[in-house]
2 protein chains.
Amino acid sequence: MDRRGHTSEDLTSLIREEILKEELRPGSKLTEQQLSSRFEVSRTPVREAIGRLEAEGLVETIPNRGAFVVGLSAVDTADLFEIRKHYEVITARNAAERADKVDFERLDESMEFMRHYTERGDLRRMKRINRDFHEALYAAAKSRLLLVSIRRVNIYLKLSVHTKDYRREHLTEILSEHERVYRAVKKRDPEKAAMAMYEHIANMSRRALKKQ
Amino acid sequence: MDRRGHTSEDLTSLIREEILKEELRPGSKLTEQQLSSRFEVSRTPVREAIGRLEAEGLVETIPNRGAFVVGLSAVDTADLFEIRKHYEVITARNAAERADKVDFERLDESMEFMRHYTERGDLRRMKRINRDFHEALYAAAKSRLLLVSIRRVNIYLKLSVHTKDYRREHLTEILSEHERVYRAVKKRDPEKAAMAMYEHIANMSRRALKKQ
DNA sequence: GTTTCAGCGATTGTATACAATTGTATCATA
DNA sequence: TATGATACAATTGTATACAATCGCTGAAAC
């Protein structure tokens, strides 16, 4: 294999993915030696990977006992949705205040693609563009710490809930909600942007929960 | 010295504190060997500490180059206040929904002390009781993930900004705000609790900024 | 039969040794 | 003198060795 100094980083991604896919079940123990022999590396990068995952909140370590895959209760998941909602709202508000030329270009582009894919009913690409749009907002908000937190929450949600939040019949609805956020940011109206985002996220939750 | 297995954890706190107090300036490089000799430990726990701080967003590492202090900008601090406000609001809402008998007893006790110290004008003890009250709310909210985040934010704020947020002339005001939150939680009125907390935090900011 | 505690195995935590990478300084050459 | 290549020093990344800790087992005492 061709590992050039990135072992630790790669390992983090690998283990994270296994946790997200529930191949490593919540509650199960992460033994350093097991992982190191499985991935054919020493314990050192394994420890670093586990450390990162712990900071991300995907695993929990008990001193001198080991690391355990963290499981989320229903309450935890509900909290996460709530937390993310507020993160997104703050982000939208800050984006409206702080977006610069580059951010606007990125947002413009995202919206262009989104309109296009909505028209074509391309669900898969819409999902990706949706992420791009929100990422563009995060960037525009220029809140470094918020970014770290929101990324973590998104990881948690990806881990805990398997939503079919995108349905074809909702595409135009979603588009128009995004448009509203977009226009508010563009007009540099922080409160309007915050409000629009609040409603968008609330609607997303409603749509996700509609029929499971 | 008496270091029993907690070296890495302690190191993280020590370095974090130095960064937040700007004893380690933003942009400066964190050399592993320097830190390890300064704290008289090996490079291993130093690396783990740096890894954690990187995950927190306080340092940034460039592969094969090293770790650099990022620190908190003015914008970061403003964001932290905003983030904390929302954390406290969510906490209050959840506390109103989820508090059990033990939580109520703890809240009752906090409020009792608070009334007492307000009457006596004991600033120092009020500050401590204030923390207790909020901690009791965190516990009542039963949001594990929120707790982790809010603790971190509080540490950041405590170490990075030096506010004189408590003045004697504000004590009764603060007390009555707390009473409102308390009563809403006690009545299990989540929205009222959230609202009361929102105003309380907003007022705290206003008071803190009043005359610096 | 139950309880307690000592010893052992397994695992984590830390230190050190080694490999790989990067940046710099030196020297040769155009 | 400027430029580029190469050797070297410094530093990070990884592996391994050693120490400390925890939980379990099993035997002895009651």
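Letters go in sequence order (proteins before strands), and every chain restarts at 1.
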For the NZ atom on B:K187, are there more than 12 heavy atoms of other groups (residues, nucleotides or ligands in this structure) within a distance under 6.0 Å?
no
Figure out the CD1/P separation between B:I50 and D:dT12, and round it to whole Å.
8 Å
Between B:R65 and D:dT11, does any side-chain N or O lie under 4.0 Å from OP1 or OP2?
no
Close approaches to DNA chain C from residues 23-37 of chain A, in residue order (heavy atom, under 4.0 Å)
A:K29, A:L30, A:T31, A:E32
Any Lys/Arg nitrogen of A:R144 or B:D79 sitting under 4.0 Å from an Asp/Glu carboxylate oxygen of the other?
no
A:T44 side chain N/O closer than 4.0 Å to the phosphate oxygens (OP1, OP2) of D:dT14?
no
Quick one: A:R43 CZ to D:dG13 P, roughly how many Å, whole number?
19 Å
Does this structure show an ion pair linking B:E82 with B:K85, if we count only N-O contacts that are shorter than 4.0 Å?
yes
B:F39 atom CZ is separated from C:dA15 atom P, nearest whole Å, by 14 Å
Would you say B:R47 places a side-chain N or O within less than 4.0 Å of OP1 or OP2 belonging to D:dT12?
no
So, B:R115 side chain and B:L175 main chain: donor-acceptor pair closer than 3.5 Å or not?
no
Atom pair distance, as rounded to whole Å: CZ in A:F68 and C1' in C:dT11:
11 Å
Just wondering, are more than 12 heavy atoms of other shown residues or ligands nearer than 6.0 Å to CD in B:Q33?
no
Can a side chain N or O of B:S42 be found less than 4.0 Å away from OP1 or OP2 on C:dT14?
no
In terms of ring plane angle, is the pair A:H134 and A:Y138 parallel, tilted or perpendicular, where the classes change at 30° and 60°?
tilted
From the candidates D:dT12, C:dT16, D:dC22, the one with an atom nearest any side-chain atom of A:N64 is D:dC22
